[in-house]
There are 2 protein chains.
Amino acid sequence: MTNGTTALTALGERTRLAIFERLADGPLAVGEIAAGLPVSRPAVSQHLKVLKQAGLVRDEAAGTRRLYSVDPAGLAALEAYFERFWTNALTSFKDAAEQHPQEQT
Amino acid sequence: MTNGTTALTALGERTRLAIFERLADGPLAVGEIAAGLPVSRPAVSQHLKVLKQAGLVRDEAAGTRRLYSVDPAGLAALEAYFERFWTNALTSFKDAAEQHPQEQT
DNA sequence: TCGTTCCGTTCGTCATCGCTTACCGTAAGT
DNA sequence: ACTTACGGTAAGCGATGACGAACGGAACGA
């Protein structure tokens with residue numbers, strides 16, 4: 001979907017974030033991911049499904065296994081979303097700072 | 001806390017993200033935020049508590065009201081977290097691309 | 001063809017969390 | 001001092017979702 005908010009709700013889960021972080025180091029199969037986490041393999045599979053329909057990961061058949069890897073488009077969408085965010089927020093800060101010139105960190 | 005994962009779990013909620021987006025345009029009081037959202041004021045207060053202990057917002061007493069604004073440190077922490085993420089992921093992609101030179105989008 | 005391995009899916013259970021209602025404390029105005 | 005406005009907190013409820021167990025299917029190797 002390459003939507004920023006959807007990606008955030010998908011990553012707003014500890015297990016899913018852990019999976020995504022492991023995938024950031026390179027493609028992995030489902031069993032390999034589950035082996036390094038304190039959850040069962042079906043749980044990992046479900047989380048991968050969520051991450052996939054959020055546009056954050058891609059899957060590829062490799063024999064009996066199935067390799068998952070992070071989707072560059074999803075990362076780009078997130079980056080774009082946050083960039084708009086930062087510019088907005090920082091602009092607001094600048095405007096507020098010009099009206100209250102003393103307080104700042 | 002300025003922790004990336006905590007901030008993500010905090011922002012991984014539609015209502016909290018909506019609150020944070022509204023705060024990105026400038027400081028607001030609790031009642032003002034609740035007025036623009038389909039939730040009650042206590043709900044907004046609870047969400048603000050979560051956002052605050054995640055290091056994403058700051059609060060300031062203003063008479064009987066209480067002004068909330070986004071915390072620049074929290075945004076910076078998020079930015080740093082994602083930056084590490086992107087570099088990691090892109091490096092992995094590059095390495096994978098050198099081994100499989102044909103497939104790419 | 002048979003057995004093994006790996007994965008996706010369904011189902012049921014249990015915890016987590018977001019939301020509302022009601023109540024209380026605090027700061028200004030009169 | 002009384003009243004009003006604003007916001008935080010407690011309790012309870014309802015719903016979402018994460019998890020494991022069990023089952024079924026597809027891809028290799030013998």
Between D:dG7 (P) and B:Leu37 (CG): distance, integer Å: 14 Å
Sugar-phosphate only, base, or nothing, as touched by B:Glu13 at under 4.0 Å among non-hydrogen atoms: sugar-phosphate
Touch class at under 4.0 angstrom, heavy-atom based, for B:Arg16 against every strand present: sugar-phosphate
Beyond-backbone contact of B:Tyr81 with B:Leu8, side-chain heavy atoms, under 4.5 angstrom: yes
Listed nucleotide nearest any side-chain atom of A:Arg66, set D:dG8, C:dC7, D:dG20: C:dC7
Heavy-atom side-chain proximity of A:Leu28 to A:Ile19 below 4.5 angstrom: no
Nearest-nucleotide 5' precedence on DNA chain D, A:Ala62 against B:Asp59: B:Asp59
Check: A:Asn88 and B:Asp25 side chains under 4.5 Å, non-hydrogen atoms: yes
Nucleotide C:dC17, atom P - distance to CZ of A:Arg14 in whole Å: 10 Å
Residue B:His47, side-chain atoms from C-beta onward, closest of D:dC19, D:dG8, C:dG18: C:dG18
Any donor-acceptor pair under 3.5 Å from A:Thr91 side chain to A:Thr87 backbone: yes
Atom-pair distance (CG on A:Leu48; P on C:dC6), nearest Å: 16 Å
B:Leu11 side chain near B:Leu78 side chain, heavy-atom distance below 4.5 Å: yes
B:Ile19 CD1 to D:dG7 P, straight-line distance once rounded to whole Å: 13 Å
Listed nucleotide nearest any side-chain atom of B:Thr64, set C:dC19, C:dC7, C:dA27: C:dA27
A:Leu17 CG - D:dA18 C1' separation (whole Å): 16 Å
Which residue lies more 5' along DNA chain C, comparing A:Gln46 with A:Arg65 via nearest heavy atoms: A:Arg65
Sugar-phosphate only, base, or nothing, as touched by A:Ala61 at under 4.0 Å among non-hydrogen atoms: nothing
Closest to the B:Pro42 side chain, choosing from C:dA27, C:dT20, C:dC7: C:dT20
Any N/O donor-acceptor pair, B:Arg41 side-chain to D:dG7 base, under 3.5 Å: yes
Gap between atoms CG and P, on A:Leu67 and D:dA27 respectively (whole Å): 15 Å
Check: A:Leu48 and A:Ile33 side chains under 4.5 Å, non-hydrogen atoms: yes
Contact under 4.0 Å: A:Ser45 side-chain N or O vs C:dC7 OP1/OP2: no
Interatomic distance, A:Gln53 CD vs C:dT9 P [rounded to whole Å]: 11 Å
Minimum-distance nucleotide (side-chain atoms of B:Tyr68 versus D:dG8, D:dG20, D:dG7): D:dG8
Distance, rounded to the nearest Å, where A:Ile33 contributes CD1 and D:dC19 contributes P: 14 Å
Closest nucleotide among C:dC7, D:dG7, D:dC19 to the B:Val30 side chain: D:dG7
